[in-house]
Amino acid sequence: MRLVPVLPGGWWTVVGAALLMAALLALAARPALGPETDPGTRAGWVRRVLLAVVTLTLLAGPGLPARESQAVSSLEVYLLVDRTGSMAAEDWAGGPGAGGGTRLDGVKEDLRAVVDAHPGARFSIIALDSAAARELPLTSDVQAVRSWIDSLQQEVTDRSTGSSLERALPLLASTLAAAAERDPEDARALYVLSDGEATDEGAGVDVVEAAQASWRELGALVDAGAVLGYGTEAGGPMRAFDGSGTDGGYIEDPATGQPGVSVPDTAALAAVAEGLGVPYLQRDGTDDGSTSEFTDIDVAVTTALTDGRERHGVQRYLTWPLGLIASVLLTWELVHLAATERGLRRLTRPTEGAR
């Protein structure tokens with residue numbers, strides 16, 4: 001048996017309650033235990049002591065340690081999110097002038113759709129800007145995933161040194177390989193959300209060659225997912241971002257001095273999807289809004305989605321015996337109070353004929 005306090009504050013709450021009860025019982029002890037005190041008053045004080053002890057024991061939370069098994073989804077969802085400056089291009093659903101927004105607005109909508117479609121899955125997020133970084137390790141905390149999505153912003157423009165999807169490949173490869181070794185029976189889905197535009201002058205290709213990784217090799221580690229591309233053929237201008245959220249104007253094209261226009265690299269995105277063996281969908285916010293094309297997991301994968309078992313250490317509280325004792329003592333106290341009340345009424349009742 002072990003004690004795990006049931007109220008917030010833990011043992012501080014139990015100690016505080018014990019001190020308060022001890023003080024009140026000490027105040028009542030002198031009149032209740034005096035030499036001329038009747039037995040009924042003494043019994044009442046003892047009864048209240050017992051009730052205080054039982055209450056404190058309940059607050060201390062006596063119980064037995066146990067293990068509880070719960071069915072969980074064995075699906076792991078990995079999200080590679082491009083947040084480079086080009087993802088701020090204003091060509092989502094017609095752009096701000098038409099009631100739309102930026103490519104990142106579309107990314108947020110689609111990320112929420114993926115999370116909603118797989119509420120029991122575990123999620124991991126890798127963000128891509130000038131470098132790739134794991135921003136959320138594999139977790140079943142859906143609220144943490146939603147909070148990250150809500151706070152998603154483009155990288156600070158002045159800090160950008162160029163990027164490409166290839167820069168994320170080594171981190172993705174090591175992450176998925178480690179996951180496959182750790183839980184070989186789990187199903188894994190990978191979603192790549194990007195416009196595919198490379199701005200690092202081929203540096204990402206050198207990184208991939210040094211790591212000896214490829215999208216095709218990565219495809220052997222995933223069971224489902226999709227490559228979601230963002231942007232239109234006409235492209236769109238991009239707002240600069242300084243990290244404060246203030247309007248920094250549009251990012252200029254050095255060659256013309258005019259606002260630069262970002263156009264998605266659909267060929268690069270299609271090549272990534274082919275290597276991974278997953279569908280490629282170009283998203284521009286002008287379709288019917290259906291997300292089932294990329295959120296529905298293949299039937300072959302769904303057979304494993306509820307095979308997982310998650311075991312938790314739990315405390316089996318032994319409260320009912322103490323509750324039964326407390327109810328008996330409380331009933332005894334109420335009966336005593338009722339009898340005392342009747343006695344007081346008899347003593348204070350006017351004698352017959354008195355005025």
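Ser124 has its side chain out of reach of Leu136: every pair of non-hydrogen atoms, C-beta onward, lies at least 4.5 Å apart. With contacts defined as side-chain heavy-atom distances shorter than 4.5 Å, the pair Leu172/Leu80 qualifies. Inter-residue side-chain proximity for Glu293 and Pro279 is flagged as unmet; no heavy-atom pair is nearer than 4.5 Å. The shortest distance between side-chain heavy atoms of Pro62 and Leu322 falls below 4.5 Å. The closest side-chain heavy-atom distance from Asp91 to Asp284 is not below 4.5 Å.
When all heavy atoms of Leu104 and Gln153 are compared, the pair lying nearest together is CD1-C, 3.8 Å. Considering all non-hydrogen atoms of both residues, Ala179 and Arg188 come closest at O-NH2, 2.7 Å. Arg239 and Gln154 make their closest contact through O-NE2, 3.1 Å (heavy atoms, listed as atom of the first residue, atom of the second, distance).
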When you look at Leu51 and Glu333, which way does the side chain to side chain contact (heavy atoms under 4.5 Å, CB included) test go after all the steps? CA-CA 10 Å; Leu51 187 56; Glu333 181 71 14; 5.7 Å; no
Please evaluate residues Ile325 and Leu329 with respect to the criterion side chain to side chain contact (heavy atoms under 4.5 Å, CB included), reporting the C-alpha separation (whole Å), side-chain torsions for both, the decisive distance (0.1 Å), and the verdict. CA-CA 6 Å; Ile325 296 172; Leu329 292 172; 4.1 Å; yes
Might you work through the side chain to side chain contact (heavy atoms under 4.5 Å, CB included) test for Ser74 and Glu185, ending with a clear yes or no? CA-CA 8 Å; Ser74 59; Glu185 296 182 357; over 6 Å; no
Please step through side chain to side chain contact (heavy atoms under 4.5 Å, CB included) for the pair Asp242 and Asp158, ending with a clear verdict. CA-CA 7 Å; Asp242 63 1; Asp158 290 343; 5.7 Å; no
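In this structure, the separation between CG on Leu281 and OH on Tyr191 is 10.0 Å, given to the nearest 0.5 Å. Remark: Met238 CE to Ser262 OG distance equals 5.0 Å, nearest 0.5 Å. Summarising the geometry, atom CD1 belonging to Ile126 is positioned 4.0 Å from atom CG belonging to Leu171; distances are rounded to the nearest 0.5 Å. How far CD of Glu90 is from CG of Asp105: 9.5 Å, rounded to the nearest 0.5 Å. Here Leu152 contributes atom CG and Ser147 contributes atom OG; the two are 12.5 Å apart, rounded to the nearest 0.5 Å. Separation of atoms CH2 (Trp148) and CD (Glu135) is listed at 6.0 Å; rounding is to 0.5 Å.
Listed by first and then second residue, the side chain to side chain donor-acceptor pair (under 3.5 Å) pairs involving residues 7-21 amount to none (not counting sequence neighbours).
Remark: the backbone N or O of Leu193 is not paired with any side-chain donor or acceptor of Asp82 at under 3.5 angstrom. When atom types are taken as modelled, the side chain of Arg103 and the backbone of Ser86 share a donor-acceptor pair closer than 3.5 angstrom. Here the side chain of Thr157 pairs a donor or acceptor atom with the backbone of Phe241 at under 3.5 angstrom.
Remark: Asp186 engages Arg122 in a salt bridge, criterion side-chain N to carboxylate O under 4.0 Å. Residues Arg146 and Asp116 are paired through a salt bridge, judged by an N-O separation under 4.0 Å between the basic side chain and the carboxylate.
Ring orientation note: the planes of Trp92 and Tyr230 are tilted relative to one another, at an angle of 30° to 60°.
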